[in-house]
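In this chain, numbering begins with 1 at the start of the sequence shown.
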Amino acid sequence: MSEKTGEGRDLLERQLQLLELVARNPDGLGFSGLQAALDLPKASVHRLIAGLVKADCIAVGGPDGDGEGESGEGTGRGRKVYMLGNRIRRLLGSAVDPQQIVALSQTVLHRLAEEFKESAFLSVLRGDRVETAVLVTPAKDAHGFVNPGRIMPAHAAASAKAIFAYRDEAEWDRILKQELPALTDLTLTSPAAVKKEYRAVRESGIAYCREEIDRGLMGIAAPLHLPQIGVIYAVSIVGPSNRIREHDEQQLEASLIRAAGELSEIFTANLRIDRA
């Protein structure tokens, strides 16, 4: 093995060690903590972090946007912390067994569907697309209104809005740079309008599709917040607009948020990737 190859493997091993440290600390880890755990010089840790940040494997967070001091800690009101970046979060999400998701979500989805007598489903982010993953329908609507594997439009579907709202804004630019077709006369087709809607979803924790995909159909969704992975799942209710409007809106929203919380707890406790 050449000296250059050996150095490359050593670098990869140190990068993996750093990623493993960050993965074990969902709230983020400061520079001094990383340096102490890795037992490396400050300059070496800086180089490791810089390479991983550039590759979107590590993200920088903290109470403020002030720059780092010589030690790598924040110089302002708080310190910077290092967390898993979007690239690694997407890899973690894609590593989950789809059949495991079906088994874990059925009970909560069935209860939600029976509570409102409407279809309930779980959606997941795969790459840059949101797809329906698990569908449960009440007995009276055995056919349902969505099918597993259906792509949910980023600018129109409640489930897609609930997921993309919590993604990095750089992802918004990438997702929304393509044409946003007018699926109905109520569809938002301007990237600026969709971004405004995403920000509103962040504030409320609830997303709506008000006949933006099909006239006569409405959907409501809530995001699932998972440690390390972030938001790549959403739970939704969908049905004819006239029936959805008959339900108490506050009750609908509260039940969806409660279901999202239950599913988040179930996934965190049982998914292989979270136990790792």
Just so I know, are the side chains of I244 and I220 near enough to count as touching, which here means a heavy-atom distance under 4.5 Å? yes
Nearest heavy-atom approach of Q106 to V136 is OE1-CG2, 3.5 Å
Any side-chain heavy atom of K177 sitting closer than 4.5 Å to one from P191? no
Would you say the side chain of I58 lies within less than 4.5 Å of the side chain of M83, judging by non-hydrogen atoms? no
With ring centroids as reference points, do W172 and Y198 lie under 6.0 angstrom apart? yes
Cluster link I163 to I151, ILVMFWY, side chain under 4.5 Å: no
Over all atoms of both residues, closest heavy-atom pair of L109 and A120: O-CB, 3.7 Å
Side chain to side chain, I101 and Y233, heavy atoms closer than 4.5 Å: yes
Closest heavy-atom contact between A157 and M152? CB-CB, 3.6 Å
When you compare the side chain of E115 with that of L112, does any pair of heavy atoms fall below 4.5 Å? yes
Between E114 and R111, is there a side-chain N and carboxylate O pair less than 4.0 Å apart? no
Under a plain distance cut-off of 3.5 Å, with no hydrogens placed, do S123 and E131 share a side-chain donor-acceptor pair? no
Could you check whether any side-chain N or O of D39 sits under 3.5 Å from a backbone N or O of Q35, counting only pairs where one atom can act as donor and the other as acceptor? no
Student check: side-chain heavy atoms of R245 and M218 closer than 4.5 Å: yes
Through direct or indirect side-chain contacts below 4.5 angstrom among Ile, Leu, Val, Met, Phe, Trp and Tyr, which residues connect to I213? L183
Going by salt bridge (Lys or Arg N to Asp or Glu O under 4.0 Å), name the pairs with one or both residues in residues 159-169, residues two or more places apart or in two chains. K161-E197, K161-E212, R167-E171, E169-R199, E169-R202
